[in-house]
Amino acid sequence: MDFYKNTLFNMQKAAKIMKLDKESLEVLSYPQKTLIVSVPVRLDDGTLKVFEGYRVQHSELRGPFKGGFRYLPDVSLDEIKALATEMSFKCAVVGIPYGGAKGGVKCNAKQMSEGELERLTRKYVQAVYQIVGPRHDIPAPDMYTNPQIMAWFMDEYSRLVNEYRPGVVTGKPIEVGGSLGRDTATAQGGVYVLEEYLNSLDKKARKKNYTVVVQGFGNAGMHVADILHGLGFTIVGVSDSKGGLYNPKGLDIQQVIKDKKAKGSVTECKEGKCVKPHEILEKPCDILVLAAMENQVTEANMKQIKAQIILELANGPTSFEADEYLAKKGVVIIPDILANAGGVTVSYFEWLQNQQAYYWPLEEIKMKLKRIMQESFARVHHFKEEHKCTMREAAYVSAFDRLEKAMKLRGSGANLRCKIYH
Ligand code: NAD
């Protein structure tokens, strides 16, 4: 099943569990606005290439649209719609005052020079700037977009509106209005939720030394491996797009990070045995952290998964079929809209700091992030107990609860009280 259908299925399941008003589900099943743009870029060899770009704004019921943008060769409109929808639910799960959006450009960022990436980013901003803005829609980094790209985005937008507007985008470098702790936020938020889940287990179920496999070794994956390793978890496997590295005795994560940074892949590290990218998911471990991309655990490999706990730092990494199968087997999945919400939470802190032009120390950011992740886990746990459902279903219920209340209070969407003119 494709990612967008998967997201809609997750929504429908939760709506049924909580007996959500049908019209509320109907309204939230469609993005408010979908923009497709062409992005012409002069390449280094002098030729002109036109890239296709997207910005999907799903819902602004709870605040301005919010969501990253990605540079990937096979990014599709449906994928961006799914991600935008998930953003509305994610912001509602953690109770931060944003709606959901997502963007992307179909391009192979890995093969583009720095100059080409800068020109692409500036052209993308020129194509979407009329629908984004600090009080309207605030983009952020996602796959193959980084703080430098956010700095170009902010600079181009500020130039177009003739005013310094750091709050138009989050995930910027510290020197141009970024926040301390944003680089590790997604991973740190996931770790706070994982710790809460492990603390909720009874003493017998809790183990001393959990083994962990991490799929994906970019912003989310590398930091989560580093943080968990620092907390005493044994990281037995990691992977990136080139392949996996496995050692049942545990990997020295600092060495893996060093080799990844110096040589471009975890497979260049001599710490363990190299395996094919997908084989890492099937290796024995207690906790599997999915931190690469969507649709990684599917009907094709769900029976080979050995982990008892899955932490979804990536968006939509588990297909609907695999989700149902693993839930029946008793595997606990800490769902994306809760597990990776630390990223958007610290983005929210960055945006607040930009509005105030006053910057907070790292300790304050960590403390505020921890409190939000702990409270969000507790709220999801409450709905899980109330409805006797999975954590994913409970997270969607938790989000729907806030979205529907906002819809009813604002009188928009399904309950729009407007005159009908004939
Ligand atoms: P990134 O570009 O920094 O890293 C992506 C990593 O995934 C790279 O190491 C890449 O080699 C690896 N990868 C790609 N295809 C793979 C495959 N088939 N098998 C194994 N590894 C593969 O991206 P990121 O920011 O770390 O994002 C990763 C996921 O987390 C995405 O789904 C993204 O939407 C989600 N996410 C990221 C953030 C954030 O703040 N960065 C926040 C929320 C969710």
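Both ligands and their constituent atoms are indexed starting at 1 by order of listing. The structure displayed is predicted, hence computed values, not measured ones.
Between the side chains of Glu404 and Ser24, at least one donor N or O sits under 3.5 Å from an acceptor N or O. Donor-acceptor pairing under 3.5 Å is recorded for the side chains of Asp226 and Gln254. Between the side chains of Arg135 and Gln355, a donor-acceptor pair is found at a separation under 3.5 Å.
The shortest contact between atom 15 (N) of ligand 1 and any protein heavy atom is with Met293 SD, 3.5 Å. In this structure, the protein non-hydrogen atom closest to atom 14 (C) of ligand 1 is Ser241 CB, 3.8 Å. From the protein, the heavy atom lying nearest to atom 27 (O) of ligand 1 is Met143 CG, 4.0 Å. The closest protein non-hydrogen atom to atom 40 (O) of ligand 1 is Thr186 OG1, 2.6 Å. At the top of the distance list for atom 21 (N) of ligand 1, counting protein heavy atoms only, stands Asp240 C, 3.1 Å. With respect to atom 25 (O) of ligand 1, the closest heavy atom belonging to the protein is Asn219 CB, 3.7 Å. Closest protein heavy atom to atom 18 (N) of ligand 1: Gln296 OE1, 4.0 Å. Of the protein's heavy atoms, Gly218 CA, 3.2 Å lies nearest to atom 4 (O) of ligand 1.
Residue contact annotation: Glu294 has no non-hydrogen atom under 4.0 Å from ligand 1. A heavy-atom separation below 4.0 Å is not found between His278 and ligand 1.
Those atoms of ligand 1 that come under 4.0 Å of a heavy atom in Gln215, given as number and element, are 19 (N), 20 (C). Near Ser239, meaning under 4.0 Å from one of its heavy atoms, ligand 1 places the atoms 20 (C). In the vicinity of Tyr144, heavy-atom distances shorter than 4.0 Å reach the ligand 1 atoms 2 (O), 10 (C), 11 (O). Numbered from 1 in the order shown, with element, the atoms of ligand 1 that lie under 4.0 Å from a heavy atom of Arg182 read 40 (O). Numbered from 1 in the order shown, with element, the atoms of ligand 1 that lie under 4.0 Å from a heavy atom of Arg70 read 32 (O), 34 (O). In summary, the atoms of ligand 1 found under 4.0 Å from a heavy atom of Ala314, numbered by their order in the structure, are 29 (C), 30 (O), 32 (O), 35 (C). Listed by number with element, the atoms of ligand 1 under 4.0 angstrom from any heavy atom of Asp142 are 33 (C), 34 (O). Ligand 1 places these atoms under 4.0 Å from at least one heavy atom of Phe217: 6 (C), 9 (O).
Aromatic ring orientation, Phe9 versus Phe320: tilted (interplanar angle from 30° to 60°). Note on ring orientation: taking the six-membered ring where Trp is involved, the planes of His58 and Phe89 are tilted (angle from 30° to 60°). Aromatic ring pairs are classed by plane angle as parallel below 30°, tilted from 30° to 60° and perpendicular above 60°; the pair Trp360 and Phe349 is tilted.
Proximity of Glu312 to ligand 1, defined as any heavy-atom pair under 4.0 Å, is not found for any part of the residue. With a heavy-atom cut-off of 4.0 Å, Asn146 does not touch ligand 1 at all.
Interatomic distance, Thr7 OG1 to Glu79 CD, rounded to the nearest 0.5 Å: 10.5 Å.
Where the criterion is an N or O separation shorter than 3.5 Å, residue side chain and backbone included, Leu83 fails it with respect to ligand 1.
Partner of Glu393 under the salt bridge (charged side-chain N to carboxylate O under 4.0 Å, His left out) criterion, out of Lys16, Lys384, Lys13: Lys13 alone.
Here Phe69 and Tyr54 keep their ring centres 6.0 angstrom or further from each other. Separation of the His136 and Phe65 ring centroids falls under the 6.0 Å cut-off. Taking the six-membered ring wherever Trp is involved, the centroid distance between the rings of Phe377 and Tyr192 does not fall below 6.0 Å.
Of the charged side-chain nitrogens involved, none lies within less than 4.0 Å of a carboxylate oxygen, so that Arg165 and Asp155 do not count as a salt-bridged pair. Under 4.0 Å is where a charged nitrogen must lie from a carboxylate oxygen, and between Glu156 and Arg159 at least one such pair does.
Taking only non-hydrogen atoms, the option from Ala291, Ala220, Gly68, Ala292 nearest to atom 31 (C) of ligand 1 is Ala292.
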